[in-house]
2 protein chains.
Amino acid sequence: MHITYKGDYALKTILALSLHYGSGPTTIHDLARRADIPIKFLEQILLDLKRGGFVESRRGKVGGYLLSRPPQRIKLGEVVRFIDGEVEPIACVDNKYKGCKDISKCVFRNIWQDVARATFKIVDNITFEDLAKKEKKLHTALTYQI
Amino acid sequence: MHITYKGDYALKTILALSLHYGSGPTTIHDLARRADIPIKFLEQILLDLKRGGFVESRRGKVGGYLLSRPPQRIKLGEVVRFIDGEVEPIACVDNKYKGCKDISKCVFRNIWQDVARATFKIVDNITFEDLAKKEKKLHTALTYQI
DNA sequence: TGTATACTCTACTAACATAATAGAGATTAT
DNA sequence: ATAATCTCTATTATGTTAGTAGAGTATACA
Ligand code: FES
Ligand code: FES
């Protein structure tokens with residue numbers, strides 16, 4: 001698994017929309033400013049997320065983006081997989097790798113599958129509701145700290 | 001973590017040398033043929049592995065490559081890290097990522113660290129002796145099967 | 001119905017990484 | 001000597017990443 005800038009931006013955007021869930025749409029401009037993402041890049045990412053069924057959009061004045069599902073029903077792993085592709089460390093786990101003549105004779109395959117499973121266990125058990133809660137706590141903690 | 005062709009080839013080469021440990025050098029040509037690796041590519045990989053302290057070479061006739069340590073002292077994770085770089089899913093875990101203004105405010109960081117730790121736990125607990133044993137068993141099993 | 005505000009879509013590009021390939025050079029056993 | 005083998009630097013083709021550019025479409029509301 002490798003998280004690209006695009007992937008990271010997507011996650012931050014879904015998190016921002018999660019914090020705003022139930023309170024109307026947020027504009028691209030707003031999302032870009034809050035997470036420090038190049039606006040034209042974010043436009044594309046949001047269109048991808050829309051095609052992936054993660055967000056909905058409203059056009060025109062008072063438009064913007066909203067989550068199409070509540071945050072507790074969006075898992076971290078779903079978004080990562082959709083934007084950055086497979087979570088596996090090598091494509092042979094998913095049969096897209098040509099380096100091994102015979103997969104059944106490869107001692108590495110099971111290891112990469114173990115790594116993949118360990119990763120799934122983490123990213124598929126965290127929802128954006130969990131992340132939103134963490135974010136709120138973190139913000140409170142930092143405020144008190146100052 | 002993403003295993004490239006180069007990384008996979010390096011692992012297969014170290015495994016081949018592990019199986020041959022204690023019986024003199026193996027030539028590039030031999031290693032390339034056995035693991036089906038482009039020979040000129042493998043030349044470079046072996047030079048890298050030499051610089052990394054994993055293998056030694058003998059030049060001239062009766063030359064070739066040998067492991068510079070016994071297989072039980074070479075861990076899978078060492079080779080992966082050396083050839084394919086950090087095992088972390090995003091460079092921010094290692095402070096090379098510019099996407100997060102303030103790492104202390106990022107709810108994702110701990111998650112990527114968890115993924116990294118889970119991966120370490122696997123790849124840093126497997127030695128090439130383990131892999132060589134697995135390979136031998138696999139070969140025996142397949143031979144009996146036929 | 002005009003217009004400002006916002007999303008939509010396609011194309012393009014610079015920089016970098018990957019997976020090799022090419023070829024001349026250095027070393028050693030026999 | 002010479003054949004076999006490793007050594008080193010350059011080059012290249014292909015693909016991916018991280019954007020940028022610009023014209024187009026929809027909607028609220030005065
Ligand atoms: S089948 Fe995946 S590395 Fe061999
Ligand atoms: S610090 Fe790693 S994604 Fe924010």
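Naming convention: chains lettered A, B, ... in sequence-line order (proteins, then strands); numbering from 1 in each chain.
Applying the salt bridge (Lys or Arg N to Asp or Glu O under 4.0 Å) test to pairs two or more places apart or on separate chains, those with a residue in residues 110-121 of chain A are A:Asp114-A:Arg117. Applying the salt bridge (Lys or Arg N to Asp or Glu O under 4.0 Å) test to every pair with at least one member in residues 8-23 of chain B, sequence neighbours left out, gives these pairs: B:Asp8-B:Lys12. Among residues at least two apart or in separate chains, salt bridge (Lys or Arg N to Asp or Glu O under 4.0 Å) pairs with a member in residues 66-77 of chain A are A:Arg69-A:Glu78.
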Taking only distance into account, with no hydrogens and no angle test, what donor-acceptor pairs under 3.5 Å do side-chain atoms of residues 37-49 of chain B form with protein atoms, sequence neighbours excluded?
{"from": "B:Lys40", "atom 1": "NZ", "to": "B:Glu43", "atom 2": "OE1", "distance (Å)": "3.1"}
{"from": "B:Asp48", "atom 1": "OD1", "to": "B:Arg51", "atom 2": "NH1", "distance (Å)": "3.1"}
{"from": "B:Asp48", "atom 1": "OD2", "to": "B:Lys6", "atom 2": "NZ", "distance (Å)": "2.8"}

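A continuous path of Ile, Leu, Val, Met, Phe, Trp and Tyr side chains, each step under 4.5 Å between heavy atoms, connects B:Leu15 with B:Ile122, placing both in one hydrophobic cluster. Residue B:Trp112 is grouped with residue A:Leu138 when hydrophobic side chains (ILVMFWY) are merged at heavy-atom distances under 4.5 angstrom, including chains of intermediate members.
Atom C1' of nucleotide D:dC8 and atom CD1 of B:Ile45 are separated by 16 Å, given to the nearest angstrom. Summarising the geometry, the separation between OH on A:Tyr5 and P on C:dC16 is reported as 12 Å, rounded to the nearest angstrom. Going from atom CD1 of B:Ile3 over to atom C1' of C:dA17 covers 16 Å, rounded to whole Å. One interatomic measurement links the two molecules: NE2 of B:His2 to C1' of D:dT17, which rounds to 14 Å at whole-angstrom precision. Per the geometry, CG belonging to A:Asp36 stands 10 Å off P belonging to D:dG19, to the nearest Å. Atom-to-atom, CG of B:Leu66 to P of D:dC6 comes out at 10 Å; the value is rounded to the nearest Å. Taking atom CG of A:Leu47 as the reference point, atom P of D:dT25 lies 15 Å away to the nearest angstrom.
Among residues two or more places apart in sequence or in another chain, the side-chain contact (heavy atoms from CB on, under 4.5 Å) test is passed with A:Asp124 by A:Arg81, A:Phe120. Scanning for side chain to side chain donor-acceptor pair (under 3.5 Å) contacts around B:Asp30 gives B:Arg33, with sequence neighbours left out. For the side-chain contact (heavy atoms from CB on, under 4.5 Å) test, residues two or more places apart in sequence or in another chain that qualify with A:Asn110 are A:Gln113, B:Lys134. For A:Ser57, the side-chain contact (heavy atoms from CB on, under 4.5 Å) criterion is met by A:Lys50, A:Tyr65, not counting sequence neighbours. Taking the side-chain contact (heavy atoms from CB on, under 4.5 Å) definition, one finds that B:Ser68 meets it with B:Glu56, sequence neighbours left out.
Across residues 49-56 of chain A, not one residue has a non-hydrogen atom less than 4.0 Å from an atom of DNA chain D. Near-neighbour residues of DNA chain D inside residues 6-19 of chain A, defined by a heavy atom below 4.0 Å, number-ordered: A:Lys6, A:Tyr9.
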>> Using a 4.0 Å heavy-atom cut-off to protein, can you give one letter per nucleotide of nucleotides 21-30 of chain C, 5' to 3': B if the base is in contact, S if only the sugar-phosphate is, - if neither?
In response: BBB--BBBS-
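Listed pair A:Tyr65 / C:dT8 meets the phosphate criterion, a side-chain N or O lying under 4.0 Å from OP1 or OP2. Residue A:Thr27 places no side-chain N or O under 4.0 Å from the OP1 or OP2 atom of C:dC7.
Taking for each of A:Ile28 and B:Asp84 the nucleotide of DNA chain C with the nearest heavy atom, the 5'-most of the two is the partner of A:Ile28.
The shortest side-chain heavy-atom distance between A:Phe108 and B:Leu76 falls under the 4.5 Å cut-off.
Nucleic acid contact class of A:Leu46 (heavy atoms, under 4.0 Å, all strands): none.
Nearest nucleotide to the A:Thr4 side chain, out of D:dT7, D:dA18, C:dT8: D:dA18.
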